[in-house]
Protein chains: 2
Amino acid sequence: MPWKDGTGPPWLQGKFKGCGYRLTVPRQAILDVLNSTTEHLSAEDTYLKVHKVHPAIGLTTVYRTLELLVQTGMVFKFDFGDGRARYELSEGPKGIGHHHHLVCTGCGRIIDYTDFIDEEVELLKRTEKGLSKKYNFKITNHMIQFHGLCEKCQ
Amino acid sequence: MPWKDGTGPPWLQGKFKGCGYRLTVPRQAILDVLNSTTEHLSAEDTYLKVHKVHPAIGLTTVYRTLELLVQTGMVFKFDFGDGRARYELSEGPKGIGHHHHLVCTGCGRIIDYTDFIDEEVELLKRTEKGLSKKYNFKITNHMIQFHGLCEKCQ
DNA sequence: TTAATAATGATAATCATTATCAATAAGAAA
DNA sequence: TTTCTTATTGATAATGATTATCATTATTAA
Ligand SMILES: [Mn+2]
Ligand SMILES: [Mn+2]
Ligand SMILES: [Zn+2]
Ligand SMILES: [Zn+2]
């Protein structure tokens with residue numbers, strides 16, 4: 001979402017302040033959890049992990065913070081079809097970079113992949129440019145998922 | 001989902017029977033509604049439209065039927081971020097063919113697009129082949145969304 | 001400090017989706 | 001047809017993820 005001071009899209013930490021938000025203990029803790037996992041955590045997953053270190057932090061705050069992180073572009077929110085939203089740091093030191101997902105419709109397993117990204121990126125750029133022009137749409141992000149059956153499930 | 005008699009992936013109508021399911025009045029009515037709109041209907045949207053012609057058909061049946069249609073591949077289920085699932089005939093006489101979506105994060109507007117699909121299709125094929133091999137994943141479908149701000153919202 | 005305001009967390013409320021289960025409808029058998 | 005067997009339906013209640021409230025607490029600026 002819009003950065004209140006007009007700065008670019010920063011990542012993590014003090015970047016919060018660039019939007020006029022406070023980087024509080026709960027927010028820091030939630031960022032830490034997201035930054036130290038490769039899983040696709042639900043709000044409750046996140047809450048449980050945060051809870052181990054900071055038992056006082058509530059589920060409501062986790063929901064609120066995740067939403068804030070999504071709005072500021074620091075976190076991506078996904079729906080993999082299991083009835084709860086899943087969150088993932090959009091970028092970070094320990095995190096995997098930009099990637100797409102394979103979703104097993106059998107067991108729900110998610111595979112991050114970055115293969116073929118080069119070709120994809122090139123095409124996506126062209127596509128985004130064309131779409132932006134034709135539909136006068138300001139594209140800020142894209143989402144690609146492949147659905148199918150994983151090794152075990154097929 | 002799997003076709004009980006081993007036939008290919010058919011569309012609409014009597015195709016139901018190929019799976020051992022009955023093409024009942026409610027199911028027919030729901031298919032008719034989906035087949036006569038270009039909107040991305042939620043379960044309740046669908047119910048309301050069905051209700052005008054068949055007031056006896058209940059919301060539960062709409063949910064069940066939509067899920068069945070999704071499982072049999074006749075309908076795609078989407079999450080555009082507004083808290084309810086959206087459904088669209090995967091293919092049909094009056095429907096638009098395979099396409100992807102532009103999602104406005106401002107007002108929720110959805111734009112179907114088929115532009116650049118040729119290039120996309122080619123790349124997707126290659127990508128799917130590569131991913132299938134590398135991860136031993138049987139890919140059955142893909143989902144692409146571009147998120148951003150529409151004309152009005154930017 | 002103190003004042004002004006942003007953030008938090010316990011709780012209750014929403015609301016889309018599912019589970020139940022008795023009543024019906026549809027297809028097969030007689 | 002008539003009967004039998006089973007799939008389907010719909011009213012209702014239950015579930016469960018997410019949000020709204022609101023009094024309390026933490027943070028920042030004066
Ligand atoms: Mn991922
Ligand atoms: Mn569409
Ligand atoms: Zn699987
Ligand atoms: Zn818009």
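Naming convention: chains lettered A, B, ... in sequence-line order (proteins, then strands); numbering from 1 in each chain.
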Is B:Glu39 paired with B:Arg86 through a side-chain N to carboxylate O contact shorter than 4.0 Å?
no

Counting only non-hydrogen atoms, which of residues 55-66 of chain B are less than 4.0 Å from DNA chain D?
B:Ala56, B:Ile57, B:Gly58, B:Thr60, B:Thr61, B:Arg64

Between A:Glu128 and A:His142, is there a side-chain donor-acceptor contact under 3.5 Å, judged purely by atom types and distance?
yes

Do B:Ile139 and A:Leu102 come within less than 4.5 Å of each other through their side chains, counting heavy atoms only?
yes

A:Leu41 atom CG is separated from D:dA17 atom P, nearest whole Å, by 15 Å

Atom pairs, protein N/O to nucleotides 5-7 of chain D N/O, distance under 3.5 Å:
unit_1: D:dA7; atom_1: O4'; unit_2: B:Arg22; atom_2: NH1; d: 3.3
unit_1: D:dA7; atom_1: O4'; unit_2: B:Arg22; atom_2: NH2; d: 3.3

So do B:Leu149 and A:Thr140 actually touch side chain to side chain, heavy atoms under 4.5 Å?
no

Do B:His51 and B:Glu44 have side-chain N/O donor and acceptor atoms under 3.5 Å apart?
no

Assuming nearest nucleotide by heavy-atom distance, tell me which of B:Tyr87 and B:Thr24 is located more 5' along DNA chain C.
B:Tyr87

In Å, rounded to the nearest 0.5 Å, how long is the span from CZ of A:Phe137 to SG of B:Cys104?
5.0 Å

Parallel under 30°, tilted from 30 to 60°, perpendicular over 60°: which one fits the rings of B:His40 and B:His101?
perpendicular

Hey, does A:Phe146 have a side-chain heavy atom less than 4.5 Å from the side chain of B:Asn141?
no

Can you measure A:Leu68 atom CG to D:dT18 atom P for me and round it to whole angstrom units?
17 Å

Start with the C-alpha gap between B:Glu120 and A:Thr127, add the side-chain angles, then the distance that decides, and say whether side-chain contact (heavy atoms from CB on, under 4.5 Å) holds.
CA-CA 8 Å; B:Glu120 280 187 43; A:Thr127 302; 3.4 Å; yes

If I take atom CD in residue A:Glu44 and atom P in nucleotide D:dG16, what distance separates them, rounded to the nearest angstrom?
11 Å

CG of A:Asp82 versus C1' of C:dT17: gap in Å, rounded?
14 Å

Quick one: A:Glu67 CD to C:dT8 C1', roughly how many Å, whole number?
17 Å

For B:His51 and D:dG10, what is the distance between atoms NE2 and C1' respectively, to the nearest whole Å?
13 Å

Nucleotide C:dC15, atom C1' - distance to CG of B:Asp79 in whole Å:
15 Å

Would you kindly give the OH-to-P distance between A:Tyr47 and D:dT19, to the nearest whole Å?
17 Å

